[in-house]
Amino acid sequence: MTTPTALTPAVPRLRLARFRDLTLVPVIVLLLIVGAFLDPVFLTAGNLTNVLQQQAAISLLVLAEALILISGKFDLSLESTVGMAPALAVLLVVPVSAGGLGIGLPAVLVIPLCLLIGAAIGAFNGFLIIKFQLSAFIVTLAMLIIVHGLHLGPTEGKTLFELPESMLYLGGAVWLGLPASIWIAGALFAAGIAGLAYLRVGRSLYAIGGNIDAARAAGIRVDRVLWGVFILGGTLAALAGILETGRLGAIGSGMGVNWIFMVFAAAVIGGVSMDGGKGTILGALTGVLVIGLVQNLLTLQGVSGFWQPVVYGTIILFALMISRIAGGKAQD
Amino acid sequence: MTTPTALTPAVPRLRLARFRDLTLVPVIVLLLIVGAFLDPVFLTAGNLTNVLQQQAAISLLVLAEALILISGKFDLSLESTVGMAPALAVLLVVPVSAGGLGIGLPAVLVIPLCLLIGAAIGAFNGFLIIKFQLSAFIVTLAMLIIVHGLHLGPTEGKTLFELPESMLYLGGAVWLGLPASIWIAGALFAAGIAGLAYLRVGRSLYAIGGNIDAARAAGIRVDRVLWGVFILGGTLAALAGILETGRLGAIGSGMGVNWIFMVFAAAVIGGVSMDGGKGTILGALTGVLVIGLVQNLLTLQGVSGFWQPVVYGTIILFALMISRIAGGKAQD
Amino acid sequence: MTYHVEARNVVKRFGPTTALDGAGISIAEGETHALVGRNGAGKSTLVSILTGLQRPDEGEVRFSGEPAPALGDRDAWRQRVACVYQKSTIIPALTVAENLFLNRQTEGRLINWRALRARARELLDTYEVDVDPQALAGDLGVEQRQLVEIARALSFGARFIILDEPTARLDGPAIERLFDRMRALRRQGVTMMYISHHLDEVYEICQSVTVFRDARHIMTAPVADLPHDELVDAMTGEATAAYQARARTPREAVVLAASGLSLAGRYQDVELSVRSGEVVGLAGSGSSGKVSLAETLVGLRRADTGAVTVNGRAVRPGDVPAALAAGLGFVPEDRHHQGFVPLLSVAENGTMSIAHKLGRLGAVSPARRRARAVRMIQDLDIKTEGPDQPVGDLSGGNAQKVVFARALADDPDALVVINPTAGVDVKAKQALLGAVEDAADRGAGAVLVSDELDDLRICDRVLVMFHGRVVKDVPRGWSDHELVAVMEGIEE
Amino acid sequence: GSDTTTTTPAAGGEGGKVGIDHPRADSDFWNSYIKYVPEMADELDVELMTATNSQNDVAKLVNNVQALIGQGAKAIVMAPQDTGAIASTLQNLENKNIPVVTVDTRPDKGKVYMVVRADNRAYGTKSCEYLGEQLGGKGKVVQLMGALSSINGRDRAEAFGECMKEKFPGIEVFDEPTEWEGSKAASMLQTRLEQHPDVKGIYMHAGGVHLAPTLQVLKQKGLLLPPDDPKHVVVISNDGIPQEFEAIRKGEIDATISQPADLYAKYALYYAKAALEGKTFEPGATDHDSTIIELPNGLEDQLPAPLVTKDNVEDQTLWGNQVK
Ligand SMILES: Nc1ncnc2c1ncn2[C@@H]1O[C@H](COP(=O)(O)OP(=O)(O)OP(=O)(O)O)[C@@H](O)[C@H]1O
Ligand SMILES: Nc1ncnc2c1ncn2[C@@H]1O[C@H](COP(=O)(O)OP(=O)(O)OP(=O)(O)O)[C@@H](O)[C@H]1O
Ligand SMILES: [Mg+2]
Ligand SMILES: [Mg+2]
């Protein structure tokens, strides 16, 4: 019945699909070339390392959001976790004199505590969204506000700068000539790429995001997987907070604030669909890089602060169009 | 074979469906009762009028966003239009000495110009999303940034104090004992409720948001309708800007900034689905009222600024749960 | 005796609807058991209960005498039962290979994609499904997707397999291959439950049959000693005669015509003219281009060359509203995809394309809409709680009737219906075919695209397409064998 | 006074390029500052690099500083709006021997060459004293606060609150967290006036965002009355933008504290240049009506922030009277 000829388009189509993760690569190449012409500093190893280091923390949020988006959900509260988890962890360990809560847990616990707080926020989100079947968008929007309040409240909006050493280490250390945060983000992205490609649970995210009923019918433990993804997301956001804390040397009340839009922008221009089931971690990574390079270039060029948003937004639109044209499919 | 009895259950179902728009009514009643106990001023006509007036501008954004969400799309850039459209319109008419661009169009044109600018932004969004088939989320995210930049750039971030009289009139006038902005918002909401219930084009929004291919196959001119919705959305945002300008007496560079999250929160707790095809304007209105009352109550109670977000977010979560329980269906 | 599968006194309610009201089924080891009933009788609901997707409000399910596993224990369910659901469970963004082995991509820890592809290739070959395992499932046609679903369900090695209307989207040869497969499985002792609205299929491969009506169990009997009429009567609850195609004489006026129509990769040089009062069938095997052609006639596609005229006037190509305004009515191929808006009511879906006639100045009068809908519900015998029920809550066949009702809503001069009876029960099928014939009797011309030979019997002539070309114009009075031969390109 | 310094520009631009980061572009005060910077650079003959803008985001500030260093900055002028989170950047700059002048805020930790600022706590105290005296030590006062996450907002609020408690215990203060948003300010003030129609005084943290909404609400409530009217609400603002002066002239508000945008720009560059020239400074009075004080991590030049009332609003040396 189906003639063999009908099958021929499959092969080029597949190649295209592979490429679809990498539609931003030409954009990145273009940015590198244009940047090199505009500023001699741009293409130096030092500057590019800076870009990577600057994007390390936010890239973890993009990783988290990409996982959540692929499984068809949504998490806005990640940005508040970035500041709140480290802040609360620090308050639990430092003495009252340094602004602490007077609980005085051992300082070595600060990092595990921070990650635990992130995981707990993710778990709570997951609980409301999965068990209560509430809208993910609005739950995590409310949580964005609440979690930020739980940062402002106990710190009274003050910056915490007397931090345990361990809290500062990761964000500041240099391993084998590169900042540790680059290694960490790199390793996690590699794990994400591999996990989503080669693990059953990774593949199940695509199934859940693509057709949740079908996933359930195929025996995937949908609720458990989704919950896990939210917890992982919160944990990654807390880790992003740790890296950022080390980079900045303190925890300000504005840490993470307004990151989430950029996070979505990076994920979506990188090919992750807001409708779930589509996109790759590698694509999301290219999205992060584009945004980092554009920001760096705007800084180097000293574009006036007033007009920066216009230039910046326009470049995002262009990246979007290129990925649309290269990808060939309507976006959603 | 269908016996007449098969038709009888229609009545209770209909009633239930009607109620679903109004799941927030118990929340509103609860807020009113609690508020009356907490503060004697709360339930006075003066205070409630204030709440309405304070919510008038943002409610127009909620109206716009509800229309866009119902038709299955998304617009984040509305918040930037609120400040940019009035600012640019003012710059086009005021003299250079007042910070103007030196174009010097007649001052009576300022309101039509402002609405036109809003419509143009909506049209551009629609163009990219419909004709170019780009992701609405990310297009309007980029536009949020760009449009805000187009506000900051020409004004150089300055607050515009010297405004044409007509720009201030609507936001400040009192008609029949109530602020004009309440009348305007009320009239537009009434029009929205009626239009979505009784007009062909209004019903077509539900069809498009519910199943765009089916809408197309049923002969609805999908692209035209969607484009119209985006243009209407931009225009309403510009009108919101006019009302807000009149209320504040000046156009600051932060006008509208960070509104969009509240707008979504109001629409979604009011029962409008982020997935399109579901929700009513009346529901969205109840969402706006809940948010306005909560804010008012927090101010009256003088809750500490540090903890306000926590209280606020928690109340949104509760409203969400109540509307989930009353609505009976899982949200998305 | 212990049955392999048993459901007893199952009650399942959805809000005000009772989908199952103390119904049950008992299936002996190794038999192929048919479940039949009208649209909305509760068949698919029983399927979701037998596969552990939904919990019955009352009643119990037993496998080989043992109580069914807990709802959360998906692995236990999957060992006991595999299923081809009525609703697609294909994930469009994933490849065919992955869809076939969803959640069992590997026994070990890491997925070996090469091995997975090979397994998929092998599986597809076994079932003679000719698709590339690396293609994205979303790029497949309706029929190919269905074949992938079937191949997946049969490949689990489960001892009990449910097939819920697997043939609704398949053409003749594909159905034959499926039946060969099912017979082989039966020889291996596999128990099957088979749901279909094609009763001759029931007689062909099932040993016993259970009939549901209005959410209740009506009867269970061996197929062999059950006359066809009795089965139909059990389903409908009344004496029902077989459908008789009517005789007609088409008039002179051409209401729908296409000339020189070509669309690259789909069809070439199509000439077509449908006269008033004439029903023209469009037949062809899979991928013959018949659906694309029909979609072009109604404006869903734009041809590369050629023109479509309705009542002698040219219609703007690729413009559905223009086609509707010119006097066309149509039923799209896939009701879920293009047919209806699930959240909107029966009334709104049914009147969507005539909304401009239900009020003035762009308004729609809810009362008039309701009145129209009540008439539609009665005319086509739609089983619904009323005009305000969302179409998404209707059973498949009833949703199809709503889509059909819309096509007829405007008394079209020309009617284009694509697979109109897919998933529709015997009685409904009669109603829908009757509606096409009624329209023709009123003077409309109709194009009926179908894979079902029974549907094509009402046609005054059948155009057969092969590889994108109209190869033969077969007048009334053909035999199944004759027509199939032309469709398969065996005979010119 | 402004132009009383006697610096002689020693061999123009000797020390190298000065990198400068602006904190934000969306407030009137900072925009005036941004406009003064190139003017003052010309005047002082400082070789200024293209300015970066960190848009009120300390993470961006850190990135910008990295970029400025990469491009060869030898001294950095910045205005970190988050005074803690800049610590490791300052450490970094110290290691590289790059002197830092901060404007408006005083970093909590990390070496700075000079902090150029008017004392934000002093704003709060001065405003409290003015209001307290005008109201005779009793009545109700609304404080429209900035963002609680900003050090300046917090300093003003704390000092104002402490002073009120100490010196004017008879005054009841209502704190409104407006997040520097005009919209919130209008709503909160309106609500508070509804609740307490007898509010007698208003303290606004930032004229740029709070002035117009406050006037609008007062007008709507019929409370925009001349100073001699018994129902007049006493309003004091902070910033010193031209519109505040205009309102003082009209009698709509009573006073403001002029935050010297021009002096911020001027002395930021002055000290940056001095640092490059290897000059050092000692705590004590300066030649421009200010005092340098010693900090644990550097020095701070506390520039004068004059109280402007109807009496001195025409003083042409006020920066608000100089902008066009
Ligand atoms: N999720 C649901 N919500 C509300 N009603 C439902 C739902 N699922 C099924 N129903 C109702 O239950 C009844 C039985 O539906 P079911 O799908 O089992 O019928 P069926 O026998 O499979 O029909 P068909 O032959 O058309 O597939 C119908 O009236 C249908 O409207
Ligand atoms: N999405 C697609 N992309 C590319 N080619 C396609 C696509 N869908 C169908 N085709 C090709 O178009 C031609 C005609 O397809 P069409 O769907 O009209 O056939 P059909 O007769 O309706 O088949 P069926 O009975 O299987 O639905 C076939 O050669 C088919 O392979
Ligand atoms: Mg069914
Ligand atoms: Mg087809």
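Just so it is clear, the model here is predicted, and its values are computed rather than measured. Chain A is the first sequence line, chain B the second, and so forth, proteins listed ahead of strands; every chain is numbered from 1.
Proximity to chain B (any heavy atom under 4.5 Å) is restricted, for C:L361, to the backbone atoms N, CA, C and O. Only the backbone of C:H336 comes within contact range of chain B, with heavy atoms under 4.5 Å apart. Of the atoms belonging to C:N349, not a single heavy atom falls under 4.5 Å from chain B.
Summarising the geometry, atom OG1 belonging to C:T17 is positioned 3.5 Å from atom CD belonging to C:E385; distances are rounded to the nearest 0.5 Å.
Listed here is the closest heavy atom pair of C:T296 and C:V308: O-CG2, 4.3 Å.
Considering only heavy-atom pairs separated by less than 4.5 Å from chain C, the leading option among B:A207, B:G210, B:G277 is B:A207. No other option in C:V341, C:I354, C:V403 has as many heavy-atom pairs under 4.5 Å with chain B as C:V341.
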Could you go through the side-chain hydrogen bond (donor to acceptor under 3.5 Å, both in side chains) check for B:S77 and B:N125 one step at a time? CA-CA 9 Å; B:S77 69; B:N125 280 331; 2.9 Å; yes
When you look at B:L63 and B:I281, which way does the side chain to side chain contact (heavy atoms under 4.5 Å, CB included) test go after all the steps? CA-CA 7 Å; B:L63 174 59; B:I281 301 300; 3.5 Å; yes
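Using a cut-off of 4.0 Å between Lys/Arg side-chain N and Asp/Glu carboxylate O, C:R38 and C:D381 are scored as salt-bridged.
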